[in-house]
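Working notes for the structure below.
Indexing begins at 1, ligand by ligand and atom by atom, following the structure's order. All figures in this text were calculated on a predicted structure; none of them were measured in a lab.
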Amino acid sequence: MHGLLLACDRILSTSPPETNSAAMPSTETKICHDITEAAECLRGGRLVAFPTETVYGLGADALNVSAVARIFESKGRPTFDPLIVHVADRSWMEDLVTDFPPLAQKLADQFWPGPLTLVLPKSDSVPDLVTAGLPAVGIRIPANPTARELIEAAGCPVAAPSANPFSGISPTTAQHVMDGLGGRIDAILDGGPCAVGLESTVVSFAAESPIVLRPGGLPIEQIESVTGPIGRAKSDPSADDSAQAAPGMLSRHYAPAVPMIVTDSQTEPTGSLPANAALLTWGRQAGADPKLYSVIRNLDPDGDLTRCAAQFFAALRALDAANPDVIIAHRFPNQGLGIALNDRLQRAAAR
Ligand code: TXA
Ligand code: MG
């Protein structure tokens with residue numbers, strides 16, 4: 001750890017966020033750029049946030065139970081919510097899973113490294129805490145080269161949820177991680193902004209037929225081009241969250257502090273809006289009249305969904321920070337990355 005302290009060039013903040021300062025001892029959080037030092041830190045059982053192509057992950061050695069326990073503690077995350085295990089290449093999976101069905105392998109052939117998590121029957125080497133007691137483990141090979149080099153250098157599979165306090169907005173820059181978890185984790189490896197900007201698509205092979213547990217950065221249409229039509233887990237907002245098929249399906253998630261309302265992009269709002277309303281939109285929308293809003297964020301004036309996804313969480317944070325009375329968010333077309341974007345909107349708006 002001492003080496004990391006020397007290698008880290010900037011200290012942006014060392015105080016824990018006020019909300020949890022009583023619950024957690026304060027830790028000095030470093031932003032660093034040195035992969036070898038960050039890997040040493042992981043090997044020493046410490047928590048290191050790192051960039052992936054989807055969002056920043058909060059990493060710990062997946063085989064070290066006390067390090068994994070600190071992930072849950074620092075995020076304030078319930079232990080019924082399993083963690084994704086990140087590996088550098090497929091050879092690492094031999095120790096982690098007991099079955100890798102041919103269809104899952106086909107998806108891996110096509111989309112790894114990349115924003116796809118495969119849930120497969122776990123071996124005894126994977127601690128139960130990682131999978132929240134489930135018999136299957138989520139595995140992913142990230143496309144971001146910094147992430148893969150870090151995992152390779154650490155030499156251990158890396159358990160990593162998104163690096164944000166539980167139920168908050170996912171981080172797509174090192175500063176976002178610092179804002180949410182500064183003072184609670186050991187280091188943040190700064191690799192610049194995340195290219196995809198939405199979490200991985202999670203496909204489970206734990207039951208007889210594969211099923212999409214969470215739409216994400218790999219469009220479902222691309223998955224179906226390999227698997228054929230595939231089932232999608234239904235989330236039931238009225239169900240107890242601990243009973244949901246996947247914790248990514250928690251009804252309230254990715255949530256800003258201010259209330260959010262999701263509307264059809266083509267229609268102007270009916271009724272009166274609060275004086276201080278913010279708008280999150282895309283493309284050129286009929287409902288984006290600048291007179292109605294104190295602040296507008298247009299994710300991409302051409303409505304390109306890839307660019308919208310890359311900007312989405314940062315824009316949601318910026319609108320939240322502007323502290324409007326309400327955020328109005330325009331729904332996306334329900335196809336490609338629009339499916340995952342709409343999923344995030346719906347959960348961000350849930351109260
Ligand atoms: O892109 C991503 O997936 C990012 C980066 C860091 O890799 N990680 C991420 O982790 O979004 P997290 O913990 O925020 O979301 C993990 C999702 C949850 O929806 C969880 O239910 C699902 O993956 N998941 C993980 N392991 C699972 C398992 N064994 N069975 C079912 N679902 C699982
Ligand atoms: Mg998350």
Counting distance only, does the side-chain N/O of R43 pair as donor-acceptor with the main-chain N or O of A153 below 3.5 Å?
-> yes
Kindly give the heavy-atom pair with the smallest separation between L63 and D61, and that separation in Å.
-> N-OD1, 2.8 Å
Below 3.5 angstrom, do we get any N/O pair linking S200 and ligand 1?
-> yes
May I ask you to check whether R214 has an N/O atom sitting below 3.5 Å from an N/O atom of ligand 1?
-> yes
Numbered in order shown, the ligand 1 atoms found under 4.0 Å of a heavy atom of H86 are 5 (C), 6 (C), 7 (O)
Nearest candidate to atom 14 (O) of ligand 1, where distance is taken over non-hydrogen atoms, out of S162, A49, A159, C194 | S162
Let me see the working for Q110 and L218 under side-chain contact (heavy atoms from CB on, under 4.5 Å), right down to the final yes or no.
-> CA-CA 11 Å; Q110 195 81 18; L218 179 66; over 6 Å; no
S125 (side chain) donor-acceptor with L96 (main chain) under 3.5 angstrom = no
The atoms of ligand 1 lying under 4.0 Å from a heavy atom of T54, numbered in the order shown, are 1 (O), 2 (C), 4 (C), 5 (C)
Protein N/O/S atoms under 2.8 Å of the Mg ion (ligand 2)?
-> S162 OG
Minimal non-hydrogen separation, E53 against G114, with atom names | OE2-C, 3.1 Å
Shortest heavy-atom approach to atom 13 (O) of ligand 1 - which of K75, E199, R77 = R77
Here the atoms of ligand 1 under 4.0 Å from any heavy atom belonging to L134 are 30 (N)
Any donor-acceptor N/O pair, T227 side chain to I230 backbone, under 3.5 Å = no
Decide side-chain contact (heavy atoms from CB on, under 4.5 Å) for I35 and F50; before the verdict, give the C-alpha distance in whole Å, the side-chain angles of both, and the deciding distance to 0.1 Å.
-> CA-CA 10 Å; I35 291 177; F50 63 98; over 6 Å; no
Residue pair I139, V87: steps toward the side-chain contact (heavy atoms from CB on, under 4.5 Å) verdict | CA-CA 7 Å; I139 309 247; V87 296; 3.9 Å; yes
Of A163, A136, P82, the residue with the heavy atom nearest atom 29 (N) of ligand 1 is A136
With a 4.0 Å cut-off on heavy atoms, is S204 touching ligand 1?
-> no
At a 4.0 Å threshold, what atoms of ligand 1 neighbour a non-hydrogen atom of P161?
-> 10 (O), 12 (P), 13 (O)
Near G138, which atoms of ligand 1 are under 4.0 Å from a heavy atom of that residue?
-> 26 (N), 29 (N)
Is there a donor-acceptor pair closer than 3.5 Å between any side-chain N or O of S204 and the backbone N or O of A206?
-> yes
Assess the side chains of S294 and N276: does a donor N or O sit below 3.5 Å from an acceptor N or O?
-> yes
